[in-house]
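Structure first, then comments.
In what follows, every chain begins at residue 1, and chains take the letters A, B, ... in the order their sequences are listed. Only heavy atoms go into these numbers, but all of them, side chains included; no hydrogens, no water, no symmetry mates.
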Amino acid sequence: MELASKYNPAEVEGKWYEYWENNKLFHSKPDGREPFTIVIPPPNVTGVLHMGHMLNNTIQDILVRRARMMGKNALWVPGTDHASIATEAKVVARLAAQGIRKNELTRDEFMKHAWEWKEEHGGIILKQLRRLGCSCDWDRTAFTMDEIRSESVIKVFCDLYNKGLIYRGVRMVNWDPKAKTALSDEEVIYKEEHSKLYYLRYYIADQDEVTPTGIDGEVLHKDSIGWYAVVATTRPETIMGDTAMCINPNDSKNRWLSGHKVIVPLVGREIPVIEDDYVDIEFGTGCLKVTPAHDVNDYMLGEKYNLPSIDIFNDDGSISEAAGMYVGQDRFAVRKQIAIDLDNAGLLEKMEDYTNKVGYSERNSDTAIEPKLSMQWFLKMQHFADMALPPVMNDELKFYPPKYKNTYRNWLENIKDWCVSRQLWWGHRIPAYYLPGGGYVVAETIEKAVEKARARNHDATITAADLRQDEDVLDTWFSSWLWPISLFDGINNPDNEEIKYYYSTNDLVTGPDIIFFWVARMIMAGYEYRGDMPFRNVYFTGIVRDKLGRKMSKSLGNSPDPIGLIEKYGADGVRMGLMLSAPAGNDIPFDEAICEQGRNFNNKIWNAFRLTQSWTVSADAEQPESSRLAVEWFDALLAKSAAEIDDLMSKYRISEALMTVYKLFWDEFASWYLEIIKPVYGQPIDSRTYNSTLDLFEKLLLLLHPFMPFITEELWQNVRERKNGESIMNQSILEIAHPYDGKVIADFEACKALVTEVRSIRKQKNIPMRDALTVEAICTNPLKHLNSIMKKMAGLDNIEVVNAKSDGTAPFMVGTAEFAVRLGGLIDVDAELAKLDAELAHLEGFLKGVMAKLGNQNFVAHAPAAVVELERKKQSDAEQKIAAVKENMKRLGRNC
RNA sequence: GAUCCGUUAGCUCAGUUGGUUUAGAGCGCUUGCUUGACAGGCAAGAGGUCGGCGGUUCAAAUCCGCCACGGAUCACCA
C-alpha cells in the first residue's frame, strides 16, 4: 500500500463515522454489564455549534469511549432543548421580517410557524456533533418538547401542585419588556452602567405646619414657593408611581419631615412621608421615593405600610394610562423628557454622574429588566434545597473542581421561590384550567380537568369548552431539570427497565454558568422523583476564551467556526488542541495554533505507521539483542503509562492523561523504540520484532482512541486484517496495564542518558554519527546489558571497561557511574576545564546545602530517619562526583 | 460590600496530606542537521531568587497572617 506522507483526515473521518453508525456501535441497551451513562446537556434545538460545545462534547466523548473500552455498557444520550425564550424570539423576528406580528396570530398559528422553524433549523447542531466524532446513541435522540418529555413535564407540574409546592400569586417579578414575559431571578444578569442621579424637589403639602427643627444649617429646604424635601433617584420616570416618601427614623437631618405629606413633582399628588430604617441615611439626601409597583424594595415597603401601588408601565415598557402623563411613550424616552420638564418646572435641583447596576435579560442582552408586579406561578424551593445540599457537601455527588461546592451551597442556602411561568407560547403550556365562575383546577389533561372542575363546582354540566387553559408556558428549565430521568421515561413509567438500569447516570459535563439553572435543579428533581442523585460526578468545564482572554462572542467576531477548524486540522486535531489547553476548571485561552499541535501529532502517528508498512519481514532473520531489549522495555513502559492514565482519568485530569499518551507515543515510541528496532535501510526486519511492534502499536492506538477516534480507527483497521464490523471502539484497554519490572524502565532511562551525553559531545565536537566512537566505562559498566542499544543509538563501536580513563577522553557521568568518550586529538583542554569548573561549582553549592542541613543538630534530631538518610546519600553522591570532577581536572593539568 | 479561587520559565499550566539529588511539562525560543517514516521533522540546548512582606518549622512553591494584582459567585443604596 502506497501511503501519503501526510495524514488526510477528510478522507477517513466520514467513512469511519458511517461505519460506526451502520454497525450500531454507539447503541446501548440494558444487559448484564455495568452501565456507564452520560446525558448530553441538550443544546438549543435551533443553535449551531460553538467552541463551548466543542470542548464540552469532546470531553463527554472521551469519557464514553473510554468507558466502552473498559468493558462497560456505555451510553451517551443525545438530544436538544426547545429553549423557550431564545427560539420564540427568533421565530418572532422571522415573522416580523415577513411583515407578520405575533399578536396578529392565534396561538395555534404561531405554534405552526414555530414548529416549522424547528424542523428547518433543528438538528443542525446534532449533525455537527457527528463531525466531531461524538459517539452518541442517535436512536435515542430526544427533544424537550417531544411527547414523552412533554408528558413528563405536565405530570411533574401537576404532582408538585398536588403536593402544595406550586402556587400562583401576584409577586414582584423580573419583567422582560421585549419578550413580554417574566423571568426567574437567575435569568437576570446585572451590568454596570453609567447613568445619572437626579435630585428632585418634593414640596411639603402642608406648608404651614412645618416646624423645621434639627435642620442642618447649611442645607436650605425653602425657596420662594415654600419648604421642600429633595429625593435622589436614578429613575425619574417612575415618579408617577410614587405613593410615599420614606426617611430613616434615626435621620436627624430629615426629622422635620416626619408626619408630613409631600407633593410628587409634576404629578401633583400628595403622598405621605413614612419612616423605616431600610433607608440609608448616607445615600443621596436620605429621602427615598417609594414606588411599590416598580422596585423590589419599594414593594416590600408598600406591603409593610399598606401603600397603594400604581403600575405605570405597559407590558412593553411604555407608560400606561395609570400614569396619567407621557402615556404610550417609551420608558427611556420619558426619562430624558421628564428631566427636561422637571428642570423647566424648577423641580430638578441637580444631576450627578452615577454608576449603578442594571438588570438585563440573560437572553435579550439589550433589554433592561423592569421589576413588575404580576400574577405568576411559583415553585417553593426550600423543600428541594434541603434535599439537594447534603449529597454535594458530603461528596456523595462529586463536583470537579470542588470549588464549585461553595457556589452551590451559597445559592441553596439563600434559595428563593422559582418563578416557573413565562408569557410565551413556545413551550409546555401550564396545565391549569380556569372555571367559568372563577377559580381553577390543575390536571394533566383536559378530560381530567373537566372531571375535577365538575367535582369542585358540584356541576356535572361543565364541559371542556367551558374551561379556559392558562395562557402561559413553563420555564425551559422546568423541562431540563427532568432530563436525566425523562430521557429514560422515568417520570411516566417509573419502574421501567431502562430507568432502573441507566439511572443514576455517571458523569455530567457542563459549564459552571448553569450550575443554578440546571445542575442544582436536576439534583433536586433527581431526589424528588427517583430518591437518588441524577449523576455521580459533575465535571465543570471552563469557558473557552480567545487568546487574549476575552469571552468568545459574535460581536467581537473572535469565535472560530468549529466546522472550519475541523476541516482545517481534522476532528482529531481539533479535539486534541482543545484538550491540551483545557485543564479542569480553568478557562481555556483558545489559540487556533494549538490545533496545529494536534494535527502534527496525527501526522506523527501516521508516519510511524507508514514506517512499519515500509519494512519487508523476514521469518529467518534473527532478532537482534537490541530489539529484544526494546520490546521488553516498551512493554513495561506501556503498562506503567496505562496505569498513570487510569489514575489521571479517574481524577478527570484529562489534559494530563492526553499529555501522557502524547509523550509516550512521540518521545518514547517514535524517538526511541522505533529508532532502536528500525532495520538498516534496505534490510528486512525479523518477524518476531515486527509482530511485537505491531502489538505495541495497537496498544498505543487503543490508549489514544478515546482522544482521537478517527485516525486510531483508520490505522487499527490497517495494522492487521480485520473482519467486517470489527472496530477499535469495542476493544478492551484493560489488559494494557499489567505488573511490570520498574528496574527495566530505570535502567533504560540511564541508557538514554548515556546516549544523550554522547550525542551532546558529538555536537560540541562536531562529530557526525557516521564516525563511530568508543566509550570507556570506568571500573564497571552497570548498563552492560544494554550495550547493544547504546551502541546503536549513540553510534559507538565499543564500550570498554577500563581501570582508569585514558588521556584525550571527554568524561561524563550517568548517575554516579563514570564514563568517558575517546576523542583522541579532538580534545579542547580549555573548553573541557571550563565545563568542569561549572560542574564543580554546581556540585559544591549543592553539597553545601546538604551539609548545612546535616550539620544542624535539630534537623538530625527531628527529621524522620528516612529523610536524614536521604541527605546522607546526597552527601556521599555529591562527594563522589566532586572527586571525579577534580580527578578529571587533574588529568587535564589543573592543580586542585 | 460578602464569600470563594488564583498569582510558579516568554505563553498555558502541573507540582496530591511540608522533605525524592538546590523546581517540572507542553508550546515557543536558540544552535546544528536536506539522500530512506515524518522540516507539520530529527538532535542538542538556554530559560524561574515559585506576586510582595512577615510568621510557624530542623525543613516552606507547599501551612498561617497581612498587602498588591487578576478572576468568579452572590448581594446591592433609591
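Of the candidate nucleotides B:rU73, B:rU21, B:rA78, B:rU21 has the atom nearest to the side chain of A:K873. Nearest nucleotide to the side chain of A:R610, out of B:rG40, B:rC38, B:rA78: B:rC38. For A:T756, the side-chain atoms get nearest to B:rA44 when compared with the rest of B:rG41, B:rG40, B:rA44. Nearest nucleotide to the side chain of A:T233, out of B:rA78, B:rU20, B:rG45: B:rA78.
Remark: A:K874 is not in phosphate contact with B:rG19, judged by side-chain N or O atoms under 4.0 Å from OP1 or OP2.
A:N603 comes within contact range of at least one nucleobase, with a heavy-atom separation under 4.0 Å. Nucleic acid contact for A:S671: sugar-phosphate only, since backbone atoms but no base atoms lie under 4.0 Å from a heavy atom of the residue. Backbone-only contact: A:L870 has heavy atoms under 4.0 Å from sugar-phosphate atoms and none from a base. Here A:G849 lies out of heavy-atom contact (under 4.0 Å) with every strand. If you check every strand for non-hydrogen atoms under 4.0 Å, A:A670 touches a base. Across all strands shown, A:T407 has heavy atoms under 4.0 Å from sugar-phosphate atoms exclusively, and none from any base. Among the protein residues, A:D298 comes within range of no part of the nucleic acid, since none of its heavy atoms lies under 4.0 Å from any strand. Residue-level contact check: A:Q597 touches the backbone only, with heavy atoms under 4.0 Å from sugar-phosphate atoms and none from bases. Among the heavy atoms of the strands lying under 4.0 Å from A:R759 are primed sugar atoms or P, OP1, OP2 only; no base atom is included.
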Would you tabulate the nitrogen or oxygen pairs shorter than 3.5 Å linking the protein to nucleotides 28-36 of chain B?
residue : atom : partner : partner atom : Å
B:rU31  : O2   : A:K763  : NZ           : 2.3

Please list, pair by pair, any protein nitrogen or oxygen found under 3.5 Å from a nitrogen or oxygen in nucleotides 54-65 of chain B.
residue : atom : partner : partner atom : Å
B:rC58  : O2'  : A:N856  : ND2          : 3.0

Between N or O atoms, less than 3.5 Å apart, protein on one side and nucleotides 46-50 of chain B on the other: list the pairs.
none

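In this structure, the side chains of A:T291 and A:T243 stay at 4.5 Å or more apart for every pair of heavy atoms.
Residues passing the side-chain contact (heavy atoms from CB on, under 4.5 Å) test with A:A368 are A:R331, A:F332, A:V358, A:Y360, sequence neighbours excluded. For A:V544, the side-chain contact (heavy atoms from CB on, under 4.5 Å) partners are A:M51, A:L55, A:M552, A:F590, not counting sequence neighbours.
Each of A:T285 and A:E871 has a nearest nucleotide on RNA chain B; the 5'-most of these lies closest to A:E871.
Judged by distance alone with a 3.5 Å cut-off, a donor-acceptor contact links the side chain of A:D877 to the base of B:rU21.
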Taking Watson-Crick and G-U wobble contacts under 3.5 angstrom, with | marking pairs to another strand and [ ] crossing pairs, the secondary structure of RNA chain B is written (((((((..((((.....[....)))).(((((.......))))).....(((((..]....))))))))))))....
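Taking atom OH of A:Y190 as the reference point, atom P of B:rA2 lies 20 Å away to the nearest angstrom. One can place CH2 of A:W666 at 12 Å from C1' of B:rA37, the figure rounded to the nearest angstrom.
Remark: A:K196 is not positioned above the aromatic ring of A:Y354, lacking an NZ or CZ atom under 6.0 angstrom from the ring centre and at most 45 degrees off the axis.
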